[in-house]
Amino acid sequence: MPLALLALAVGAFGIGTTEFVMMGLLPDVADDLGISIPTAGHLVSAYAIGVVIGAPLLAAVTARMSRRKVLIGLMVLFVAGNALSALAPDYHWLVAARFLSGLPHGAFFGVGAVVATGLVAPERKARAVSLMFLGLTVANIAGVPAATLVGQNFGWRATFLGVSVIGLAAIASLALVLPRDHAHAPAAGLRGELAALRSLPVWLALGTTVAGFGALFSAYSYITPMLTDSAGYADSSVTLLLALFGVGATAGNLLGGRLADRSMRATLFGGLISLVAVLAVFPVLMATAWSAALAVVLLGTAAFVTSSPLLLMVMEKASSAPSLASSANQAAFNLANAGGAWIGGLALAAGFGVTSPALAGAALAVLGLGVATIAYTVDRRRTTPHKGRVVATHTPQPTETPAHL
């Protein structure tokens, strides 16, 4: 695998760290700025809104630019957003800085996926994408816990300064090792990029992403109360258990990349079916400490097996605008984050129990499986040649004289 994939993974590591670290720093930020924790929670939403808006917008407006320059420029914007977060004088400035930090997120993964697949042979595309996303999953193992500890001991502003340094390292890596001969985008232009998103299969693939990862976030958003109230873990143990989720996500990401190179559709269906099964038995697994730890690992594995095939499917269905399509897939991922958390919260508010968000997630995973099935059916109808109508013809008999003679 090319060294340039490592540079993309470094950028993904920084993005993954800044996206998820805010959850662990909410109490510290709230105390320092004199706001409530629910108000501080809007900082998570501000980042997600930045991703949803920035992913398709930045990918579209940079359609004619060199992809190498686009990736470096996106990381410059990422560094600026995190540096401004560290220097924010009050809550409102911090909201704006978090929004700015989220803008380059989706476009970086979208353009990065196109570059990654262009660096390798066609039969290794899924593995190339999974190696880029390795930075995101490893961030959950090492980056987020380390950044949280830094914030708790040296202040939350130090965390965002540290993330800015990671961004600078990514910029240097991209500038040094990303080959120029693989860095240029086709001259489709903004209109051509947007036209590619009119396809029904593209929207079905994006819908599968929203439902499938909505299933994950329905359960994962409320994993802490499940672990403490149901499995009996102490609050101090939750950080280690969330790192186990990162281990599972990393394993699932690498496994999904390898399997998708053999059969993208089979890997997607297998991952979604596994996710349904894991979420369905989640309440049972949360009954004891050891099985709860296993459940956290299995949840990460089952969910992230689908990440590479979903992204490649969207890119395949919008082949004339892969950067915009894969960036839109990142926007769909963050819609899944918000929507899944909302649906899981509805289950909790209805009084169905602390593990009920997992069952709501299982229902969402079934929905994702249904959308993927519809997408498969549409693809088969579009690729299966229609048999033409047989028209009867009259062949002159030996005793007949052709009309043109």
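Just so you know, these numbers come straight off a predicted model, no measurement behind them. Quick note: numbers below take in every heavy atom, side chains included, and nothing from hydrogens, waters or symmetry partners.
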Inset, instruction - Spell out, as yes or no, whether a donor-acceptor pair under 3.5 Å connects the side chain of Thr301 to the backbone of Ala251. - result: no

Inset, instruction - With side chain to side chain contact (heavy atoms under 4.5 Å, CB included) as the test, would you mind laying out the steps for Thr117 and Val129 before giving the verdict? - result: CA-CA 7 Å; Thr117 55; Val129 170; 3.6 Å; yes

Legend entry - Nearest atoms (heavy-atom pairs only) where Ser218 meets Gly361: OG-N, 3.5 Å

Legend entry - Contact summary for Pro56 and Ala331, nearest pair of heavy atoms: CD-CB, 4.3 Å

Inset, instruction - Report the distance from atom CG of Asp229 to atom OG1 of Thr224, rounding to the nearest 0.5 Å. - result: 10.0 Å

Inset, instruction - For the pair Thr18 (side chain) and Ile15 (backbone), establish whether a donor and an acceptor sit closer than 3.5 Å, ignoring hydrogens and angles. - result: no

Inset, instruction - Grab the two heavy atoms, one from Ala113 and one from Leu311, that are nearest each other, plus how far apart they are. - result: CB-CD2, 3.6 Å

Inset, instruction - Indicate yes or no for a side-chain donor-acceptor contact from Arg98 to the backbone of Ser85 under 3.5 Å, with no hydrogens or angles considered. - result: no

Legend entry - Donor-acceptor contact present, side-chain Asp261 to main-chain Ala126, <3.5 Å: yes

Inset, instruction - Check step by step if side chain to side chain contact (heavy atoms under 4.5 Å, CB included) holds for Arg265 and Asp379. - result: CA-CA 11 Å; Arg265 188 81 63 173; Asp379 282 349; 2.4 Å; yes

Legend entry - Worked check of side chain to side chain contact (heavy atoms under 4.5 Å, CB included) between Thr250 and Val138: CA-CA 7 Å; Thr250 300; Val138 170; 4.3 Å; yes

Legend entry - Within-4.5 Å side-chain heavy-atom neighbours: Leu174 and Met75: yes

Legend entry - Minimum side-chain heavy-atom gap Phe109-Asn329 below 4.5 Å: no

Inset, instruction - State, yes or no, whether a side-chain contact exists between Leu272 and Val366 at a heavy-atom distance under 4.5 Å. - result: no

Legend entry - Whether Asn153 side chain and Leu149 backbone form a donor-acceptor pair below 3.5 Å: yes

Inset, instruction - Would you please indicate yes or no on a ring centroid separation below 6.0 angstrom for Phe78 and Phe108? - result: no

Inset, instruction - For Met264 and Met313, work out which heavy atoms get closest and say how close. - result: SD-N, 3.8 Å

Inset, instruction - Measure from the ring center of Tyr222 to the ring center of Phe217 and say whether it is less than 6.0 Å. - result: no

Legend entry - Within the 6.0 Å centroid threshold, strictly below: Phe304 and Phe213: yes

Legend entry - Check: Ser164 side chain, Phe160 main-chain N or O, donor-acceptor pair, under 3.5 Å: yes

Inset, instruction - Inspect the surroundings of CZ in Arg258 and state if more than 12 heavy atoms from other residues, nucleotides or ligands are less than 6.0 Å away. - result: no

Legend entry - Distance, nearest 0.5 Å, that separates CD1 of Ile273 from OG1 of Thr306: 12.5 Å

Legend entry - Tyr91 side chain reached by Thr39 side chain, heavy atoms, under 4.5 Å: yes

Legend entry - Sub-4.5 Å side-chain heavy-atom contact between Trp156 and Leu94: yes

Inset, instruction - In sequence, state the C-alpha distance, the side-chain angles, and the governing distance for Tyr47 and Ser101, and then conclude on side chain to side chain contact (heavy atoms under 4.5 Å, CB included). - result: CA-CA 7 Å; Tyr47 184 93; Ser101 300; 4.0 Å; yes

Legend entry - Within-4.5 Å side-chain heavy-atom neighbours: Leu254 and Leu131: yes

Legend entry - Nearest atoms (heavy-atom pairs only) where Ala215 meets Leu275: CB-CD2, 4.0 Å

Legend entry - Donor-acceptor contact below 3.5 Å, side chain Ser291 vs main chain Ala287: no

Legend entry - Donor-acceptor contact present, side-chain Ser130 to main-chain Arg127, <3.5 Å: yes

Inset, instruction - For the residue pair Phe282 and Leu359, establish whether any side-chain heavy-atom pair is separated by less than 4.5 Å. - result: no

Legend entry - Check: Asn337 main-chain N/O paired with Asn334 side-chain donor or acceptor under 3.5 Å: no

Inset, instruction - Measure the shortest side-chain to side-chain distance between Leu335 and Thr209 over non-hydrogen atoms and say whether it is less than 4.5 angstrom. - result: no

Legend entry - Nearest-0.5 Å distance that lies between atom CE in Met22 and atom CG in Leu43: 5.0 Å

Inset, instruction - List the atom of Val111, the atom of Ser327, and the distance in Å for their closest heavy-atom pair. - result: N-OG, 4.2 Å

Inset, instruction - Report yes or no: does Ser308 contribute a side-chain atom to a donor-acceptor pair with the main-chain N or O of Gly256 at less than 3.5 Å? - result: no

Legend entry - Option passing side chain to side chain contact (heavy atoms under 4.5 Å, CB included) with Leu242 (candidates Ile141, Ile223, Asn140): Ile223

